[in-house]
Structure formats: C-alpha cells, structure tokens
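Each chain gets a letter, A, B and so on, in the order the sequences are listed, and its residues count up from 1.
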There are 2 protein chains.
Amino acid sequence: MADIQLDSHLLNFIVEQEYQPGDRLPTIAELGDHEHLNISVSKVREQLEVARALGLVDVKSQAGTRLKEYSFAPAVHLSLFYALATDLRYFEQFSALRTHVEVAFWHEACRLLTDADKDELRGYIEAAWGKLNAPRIRIPNDEHRAFHLTIFRHLDNVFVKGLLEAYWDAYAAVELNVYAELTYHREVWEYHQRILDAICTGDFDAAQEAYIQHTRLLHYPTRIQAGAEAHLAEKLPDTV
Amino acid sequence: MADIQLDSHLLNFIVEQEYQPGDRLPTIAELGDHEHLNISVSKVREQLEVARALGLVDVKSQAGTRLKEYSFAPAVHLSLFYALATDLRYFEQFSALRTHVEVAFWHEACRLLTDADKDELRGYIEAAWGKLNAPRIRIPNDEHRAFHLTIFRHLDNVFVKGLLEAYWDAYAAVELNVYAELTYHREVWEYHQRILDAICTGDFDAAQEAYIQHTRLLHYPTRIQAGAEAHLAEKLPDTV
DNA sequence: TTAGACATATTCATCTGATGAATATGATTT
DNA sequence: AAATCATATTCATCAGATGAATATGTCTAA
C-alpha cells in the first residue's frame with residue numbers, strides 16, 4: 001500500500017485495510033460506527049456512491065459491498081458522458097485521443113495476440129458480414145466494439161484499455177445522434193479484414209496503416225445535426 | 001443538449017436545465033423537493049458528492065452550488081490516485097500513456113505556441129536552474145509541471161489536457177515514494193532547453209525527439225522500493 | 001434424497017428531521 | 001466611506017425510522 005492520500009475517508013480506509021478485489025467490505029452500518037472511520041452512515045453512503053460511480057465497488061442489498069478489480073473505464077465513462085451530454089462535439093476530441101492511443105500502442109498489442117485471438121477476430125468479421133447481408137439490417141456494433149477491444153486485450157495497461165472501453169460506450173451512445181450511412185459500415189469491415197490479414201502475416205506496420213486509414217471513415221462529429229435521429233431511422237428501414 | 005443519458009438523476013437534471021459554467025444551481029433543499037427531480041435531500045447529497053468528486057460542481061456553504069467549466073482531469077485524477085494507492089506500479093502504465101499522448105499531439109501543440117508562451121517556457125527553465133543551483137536544494141517540480149503543461153496549453157482537446165494534468169498531480173504524489181537522484185533533475189532541464197530551442201527554430205521534429213529522449217530519464221517505477229521515503233530524505237539534505 | 005417453495009433475517013434504499021458550522025449579506029457604527 | 005457586526009441562508013453532519021430486496025436456511029413434496 002503506497003502512501004498516496006485520497007480525499008475520501010472511505011477510499012483511504014479501503015486502501016489502508018488492504019482489501020482485495022472480491023473482498024466484502026463491512027456493512028454500511030458497521031462502517032458508520034467504525035472507530036477509525038469517523039463518519040456517519042450518511043457520509044459513508046455519500047462516499048460509497050462515489051466509489052460505486054467510479055466502478056470501485058459493487059454494492060447490492062443483502063450481498064453487501066464488494067471491492068471490484070480496478071478499472072479506469074468507469075471514471076472515464078462517467079466524465080466523458082457528462083461532457084457529451086452537454087456538447088456532442090466533445091466526441092470528436094475523445095475520438096482523436098482514442099485514435100492516437102490505439103496507434104501508439106498498436107505494435108505492443110499486436111505482438112501479444114494469440115492464434116485464438118486471431119480466430120476470434122475472424123469470427124467478428126464473419127458475424128458482421130452476416131448482419132450486413134441479412135435482409136433485416138442490423139448494424140454490427142457489438143462486433144465492431146469486440147473487434148477493436150480484442151486487439152488490445154493482452155496489453156498490460158489498464159489506462160489504455162479503460163480509455164478504449166469508454167470510447168466504445170460513447171460510440172454506441174452517440175450512434176443514434178449522428179448521421180450514419182449504411183455503406184460506411186461495409187467499408188469499415190473491409191478495412192477490418194485488411195487489418196486482420198496483415199496481423200496474421202505479422203506485418204504490424206501494414207495493419208497499423210490499414211487501421212489509420214479506416215479511422216478516416218469516422219467523421220461523425222462534423223455530421224452531427226438537428227434531427228439526426230429521424231434521419232437515421234429513415235436510413236435504417238426494418239427491411240431492405 | 002444531446003440525448004445522452006447519465007445514471008445520475010441530478011446530472012441529467014443539470015444537463016436538461018442547460019445550466020452553464022458559473023451558474024448557481026438550486027439549493028440542496030430546493031433540489032430535494034423539486035417536482036421533476038424525484039429524490040430526497042440525502043439522495044441529492046449523494047449525487048452532488050459524485051459531481052463534486054468529478055469536479056463538475058463547486059459546492060460551498062452559503063455560496064451554494066455552482067457549475068464548473070468541464071474538465072477531464074478530476075475524474076482521471078481520482079481514479080488514478082486510487083489505483084496508485086493500491087499499487088504504485090500503476091504509475092508506470094500511466095506514464096507510458098502520458099508519453100505516447102504527448103508525442104502524438106506534439107506537433108499540433110507546438111504549432112499553437114505563441115511568442116509569449118515561448119518566453120514563459122524560457123522563464124521556467126531559468127527558474128529551475130536557479131533552484132538547482134541554490135545552496136538550499138529545492139527540486140523545481142512546479143516549473144517541471146508548468147513547462148510541460150504550457151506546451152499543450154492551446155491544444156483544443158480537453159481529454160488530452162486532462163490526462164496530462166492528472167499525470168502531473170500523480171507525479172508530485174509519487175515523488176516522495178521513489179528513489180530520486182538529484183543529478184537526474186539537471187539532465188532533465190538540459191533536455192528542456194533543447195526542446196525549447198528546437199521549438200523556437202520551428203523544428204518540431206527535433207523538439208519531439210528531444211522530448212522522447214528526455215522521457216527515457218523517467219524510470220521511476222523500476223526504482224520504487226521499500227523505505228524510498230527515508231532514502232529520499234537522505235539524498236535531500238536541507239543544505240548542500 | 002433432492003428439488004422447489006417458502007419464511008426469515010440481513011442489508012441496502014430512501015426519507016425525514018434536527019442540530020451545528022460556515023459565510024454572504026445587509027445593518028450599524030465610527 | 002470604511003470597518004465592524006448581526007443575521008439569515010445554506011451547507012455539513014448526524015440519528016433514526018421505514019420499506020424493499022435478497023441471500024440463506026427450512027420445510028415440504030415428489
């Protein structure tokens with residue numbers, strides 16, 4: 001336990017007691033009259049709510065409060081979503097960050113991919129094509145998210161992975177707010193195929209280059225406009 | 001206002017009401033029996049505490065609650081500090097992210113620097129040398145932080161700037177936990193001089209290269225060890 | 001014996017109300 | 001006009017009550 005001080009009495013307590021992920025914390029009532037932790041139940045609840053919002057703890061009735069594995073994503077998610085709620089144009093900035101980060105850690109991530117991972121990536125591409133070719137159009141968002149996150153799966157950097165996870169949450173959230181063309185998605189998956197092919201031949205530079213090119217398809221932010229939702233509905237009929 | 005939904009009733013309320021930075025929110029009591037916001041005072045306080053922790057609002061007695069300008073830094077800071085409190089080795093991961101991000105946005109940031117900024121950078125270098133040469137050793141942490149943040153001052157990306165701000169908060173916090181050699185700091189400022197010189201001649205590539213080299217001096221994480229604090233005290237006598 | 005239904009106790013969820021502390025504001029004094 | 005002071009507002013913190021959810025153990029029936 002390092003000597004880093006946190007604002008929150010409760011968080012300091014959690015760190016000091018060296019609780020591990022999965023461990024059950026004392027009940028709220030117990031924390032409320034814990035001698036070291038000089039705060040009342042209402043204060044405990046306030047700080048527990050912060051910890052919950054940050055994804056540090058799971059708090060359920062009867063099951064009590066359990067410490068979760070550390071992840072950067074919830075904090076980023078929360079702050080980012082607040083920003084997006086006030087102004088969607090923040091997405092462009094976060095998107096720029098995401099692209100640069102993926103590029104920066106690209107080789108390190110690719111090197112760590114196993115054959116099983118590559119098969120999984122292939123699976124996402126196939127599933128995506130299946131969806132795009134189906135009579136009832138479904139945009140393969142899940143596969144898109146999974147494809148990219150899988151590439152960075154083994155990267156040993158919780159912060160990079162947290163940023164990327166939050167990015168995909170935001171991506172899904174803004175999806176309905178933007179002008180999206182169906183053709184866009186087909187092109188994306190052609191690039192994904194190129195990325196995977198290059199990864200499989202070990203040419204990570206080529207994969208990176210294909211990745212960079214494919215991000216150029218992302219020009220959502222400039223397309224945000226009033227009534228985008230209605231427009232999207234029009235572009236996405238139930239059947240084609 | 002975009003159609004992004006947040007978990008927090010209060011945050012949604014703030015967004016819906018289109019409060020602007022600086023605006024004063026209703027008092028906690030008023031929020032407690034606001035008809036649209038169906039939560040009691042205790043719930044308001046819990047969610048206000050989350051908003052406060054994320055740096056979204058300033059809440060003071062009598063002055064009430066005011067909305068702040070959006071910043072990514074507090075959320076990053078909070079989550080990062082929690083991570084560091086559980087394990088200092090997380091600093092290495094965040095440091096890697098920081099370095100890659102600074103490199104990625106280097107040119108864009110340098111292009112936006114004004115002559116006044118460059119003078120300011122020069123001032124930090126001079127102040128740092130002054131401190132390092134003073135009989136009473138003071139490590140120029142403030143100048144170090146200011147030097148780097150000034151370079152990215154005009155970058156139009158709240159997320160990049162937030163990450164960097166949080167990095168420097170963490171840097172200061174881990175400083176006492178690590179084995180730091182005094183000579184290290186002199187070398188750093190020689191590199192800073194090179195960076196500034198290159199920026200002034202408009203050779204941003206050279207500046208970036210000098211930046212990358214200077215980050216190699218940062219090998220804090222591998223040096224983290226038990227009793228580092230005592231060791232540091234020994235290395236930092238009041239007078240030399 | 002086992003699976004499923006059920007009762008119970010624990011724990012969180014939420015609200016109310018009370019008291020104290022901090023401070024912005026306006027009133028008062030010099 | 002400036003400085004001091006009193007007051008009312010607002011947050012800070014706590015205690016306690018009630019309700020809802022659910023893990024757990026118990027009981028019943030196949």
Side-chain angles (χ1 to χ4, degrees), chain A residues 5-17 19-69 71 74-75 77-78 82, chain B residues 5-17 19-69 71 74-75 77-78 82:
Chain A
Q5 281 301 305
L6 298 159
D7 277 347
S8 161
H9 286 247
L10 180 61
L11 290 186
N12 276 321
F13 176 80
I14 291 173
V15 172
E16 278 162 21
Q17 300 294 311
Y19 288 114
Q20 299 302 309
D23 284 357
R24 183 167 177 177
L25 270 55
T27 68
I28 292 179
E30 281 166 0
L31 290 170
D33 46 49
H34 195 281
E35 56 180 39
H36 280 277
L37 197 62
N38 267 331
I39 52 177
S40 72
V41 172
S42 18
K43 229 73 220 93
V44 169
R45 289 194 63 83
E46 281 174 23
Q47 305 199 359
L48 215 45
E49 181 63 19
V50 174
R52 198 198 55 73
L54 290 177
L56 304 178
V57 297
D58 236 354
V59 38
K60 280 192 296 195
S61 184
Q62 181 61 14
T65 306
R66 280 182 193 280
L67 204 57
K68 294 176 76 172
E69 193 75 43
S71 168
H77 178 116
L78 189 52
Y82 176 80
Chain B
Q5 282 300 305
L6 298 158
D7 277 347
S8 161
H9 286 246
L10 179 62
L11 289 187
N12 276 321
F13 176 80
I14 290 173
V15 172
E16 278 162 22
Q17 300 293 312
Y19 287 114
Q20 299 302 310
D23 284 357
R24 184 168 176 176
L25 270 56
T27 69
I28 294 179
E30 281 167 358
L31 290 170
D33 46 49
H34 194 283
E35 56 179 37
H36 280 277
L37 196 63
N38 268 331
I39 52 178
S40 71
V41 172
S42 25
K43 231 76 236 306
V44 168
R45 290 194 61 85
E46 281 173 23
Q47 303 199 359
L48 216 44
E49 181 64 19
V50 174
R52 197 197 57 73
L54 290 176
L56 304 178
V57 297
D58 236 354
V59 39
K60 279 192 297 195
S61 183
Q62 180 62 14
T65 308
R66 282 183 192 280
L67 204 57
K68 294 175 75 172
E69 193 73 43
S71 168
H77 178 116
L78 189 53
Y82 176 80

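Scanning DNA chain D 5' to 3' for nucleotides with an atom closer than 4.0 angstrom to a non-hydrogen atom of chain A gives a first and last hit of dT13(D) to dA23(D).
The side-chain contact (heavy atoms from CB on, under 4.5 Å) check on S8(B) picks up L10(B), L11(B), Q47(B), with sequence neighbours excluded. The side-chain contact (heavy atoms from CB on, under 4.5 Å) test applied to E30(B) returns P26(B), T27(B), not counting sequence neighbours. For S71(B), the side chain to side chain donor-acceptor pair (under 3.5 Å) test picks out no residue, with sequence neighbours left out. In this view, D23(A) and Y19(A), Q20(A) satisfy the side-chain contact (heavy atoms from CB on, under 4.5 Å) rule, not counting sequence neighbours. Among residues two or more places apart in sequence or in another chain, the ring-ring contact (aromatic ring centres under 6.0 Å, His included) test is passed with F13(B) by H34(B).
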Nucleotide N/O to protein N/O under 3.5 Å, stretch nucleotides 15-17 of chain C:
{"unit_1": "dC15(C)", "atom_1": "OP2", "unit_2": "S40(B)", "atom_2": "N", "d": "3.0"}
{"unit_1": "dC15(C)", "atom_1": "OP2", "unit_2": "S40(B)", "atom_2": "OG", "d": "2.7"}
{"unit_1": "dC15(C)", "atom_1": "O5'", "unit_2": "S40(B)", "atom_2": "OG", "d": "3.3"}

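Annotation: the span from L48(A) atom CG to I28(A) atom CD1 amounts to 5.0 Å, rounded to 0.5 Å.
Residues H36(B) and H9(B) are not in side-chain contact: their nearest non-hydrogen atoms beyond the backbone lie 4.5 Å or more apart. With contacts defined as side-chain heavy-atom distances shorter than 4.5 Å, the pair Y82(B)/L56(A) qualifies. Between L78(A) and V50(B) there is a side-chain heavy-atom pair separated by less than 4.5 Å.
The salt bridge (charged side-chain N to carboxylate O under 4.0 Å, His left out) pairs that include a residue from residues 51-67 of chain B are E49(B)-R52(B), where partners are two or more places apart or lie in different chains.
Taking every heavy atom of residues 45-55 of chain A and every atom of DNA chain D, no pair lies under 4.0 Å.
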